[in-house]
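Please read the structure below before turning to the comments.
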Amino acid sequence: MISKNKYRRLQLLIPIFLWSASVAFGKTIKDINVPEQITQSGSQQSLILNGAGIRTKFFISVYIGALYLPAKQTTVTTILQNNTPRRIMMYCLYHEIDKDKLVDAWNEGFNENNNEQTLKQLRNRLDEFNKLFPALHKGDIVYLDYVPGKGTTLSFNGKSLGTISGEDFNIALLKVWLGEEPADSDLKAAMLGNE
């Protein structure tokens with residue numbers, strides 16, 4: 001009989017194994033291998049690691065964030081202007097991030113990096129996006145995959161939870177990390193490959 005703790009650890013290892021299978025590792029952060037190249041589900045596009053780092057808050061490591069693009073880019077303007085497939089990956093390092101804190105963080109990130117007109121246009125889709133998110137626990141993996149003409153698909157531990165339409169939504173989402181008021185300036189630099 002497997003104890004609940006052992007079962008939980010096995011559950012956490014499964015997505016890591018699936019995530020790391022058949023990929024070339026590009027970077028190791030906090031003993032987690034971040035792939036150099038991935039194939040995006042939905043587009044079957046091959047994407048390469050643009051950069052990755054750690055989101056910290058009050059000296060606490062919250063998650064590993066990675067940006068994947070078809071080709072490496074170092075400027076925010078170029079990334080936002082290119083309507084190409086892309087992925088943001090989040091690997092949770094903290095023991096638990098509850099849903100309310102995630103919603104607050106998304107709302108803050110959108111509000112600080114987008115003007116009022118954009119926020120008004122995105123409000124319903126941001127609300128829909130916030131409803132998709134569960135609480136995160138250490139070892140959970142989130143993919144935010146953008147496919148032109150389809151939208152931004154949220155996947156949680158390999159399971160698709162829903163898609164938000166619009167290039168405008170994805171640009172606003174990217175600004176949470178890459179905007180003028182990013183959630184973490186060190187993580188922004190790392191995602192741009194400028195660390």
Is there a donor-acceptor contact under 3.5 Å from the side chain of [X] to the main chain of [Y]?
X	Y	result
R86	L174	no
D140	L136	no
K99	F133	yes
Y63	I141	no
K188	G179	yes
N82	T84	no
N113	E181	yes
Q45	P70	no

May I ask you to test the [X]-[Y] pair for a side-chain heavy-atom distance under 4.5 Å?
X	Y	value
I48	K72	yes
L161	P134	yes
E108	D104	no
L119	N111	yes
F110	K175	no
D145	S41	yes
L67	W177	no
L192	I79	yes

Is there a path of hydrophobic side-chain contacts, each under 4.5 Å between heavy atoms of I/L/V/M/F/W/Y residues, joining [Y] to [X]?
X	Y	answer
V147	F156	no
L178	W106	yes
L144	Y146	no
L132	V103	no

I'd like to know whether L69 forms a side chain to side chain contact (heavy atoms under 4.5 Å, CB included) with L47, so could you lay out the CA-CA distance, the side-chain angles of the two residues, the decisive distance to 0.1 Å, and finally the verdict. CA-CA 5 Å; L69 301 170; L47 301 178; 5.7 Å; no

Nearest 0.5 angstrom please: [X] [atom1] to [Y] [atom2], how far?
X	Y	atom1	atom2	result
L93	I32	CG	CD1	7.0 Å
N157	K159	CG	NZ	10.5 Å
D127	R123	CG	CZ	5.5 Å
K138	Y94	NZ	OH	11.5 Å
Q121	L126	CD	CG	13.5 Å
S155	R87	OG	CZ	7.0 Å

Less than 6.0 angstrom separating the ring centers of F169 and F129, yes or no?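 Yes, close enough.
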
Looking at Y91 versus Y143, is the centre-to-centre ring distance below 6.0 Å?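 No, the ring of Y91 stays outside the 6.0 Å limit from the ring of Y143, centre to centre.
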
Stepwise, does the side chain to side chain contact (heavy atoms under 4.5 Å, CB included) test hold for I64 with M90? CA-CA 6 Å; I64 296 169; M90 299 167 62; over 6 Å; no

Evaluation steps, side chain to side chain contact (heavy atoms under 4.5 Å, CB included), between C92 and I97: CA-CA 9 Å; C92 188; I97 309 169; 3.9 Å; yes

Review item, side-chain donor-acceptor pairs of residues 49-59, under 3.5 Å, at least two apart:
from: N50; atom 1: OD1; to: Q73; atom 2: N; distance (Å): 2.7
from: N50; atom 1: ND2; to: Q73; atom 2: O; distance (Å): 2.9
from: N50; atom 1: ND2; to: M191; atom 2: O; distance (Å): 2.8
from: R55; atom 1: NH1; to: A183; atom 2: O; distance (Å): 3.4
from: T56; atom 1: OG1; to: D184; atom 2: OD2; distance (Å): 3.3

Among residues at least two apart in sequence or on other chains, which ones pass side chain to side chain contact (heavy atoms under 4.5 Å, CB included) with S165?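 In terms of side chain to side chain contact (heavy atoms under 4.5 Å, CB included), with neighbours along the sequence ignored, S165 is linked to R125.
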
Results of side chain to side chain contact (heavy atoms under 4.5 Å, CB included) for T39 - residues two or more places apart only: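 Side chain to side chain contact (heavy atoms under 4.5 Å, CB included) list for T39, sorted by chain: Q44.
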
Determine whether E128 and N130 satisfy the following criterion, side chain to side chain contact (heavy atoms under 4.5 Å, CB included), listing intermediate values before the conclusion. CA-CA 5 Å; E128 184 183 347; N130 284 333; over 6 Å; no

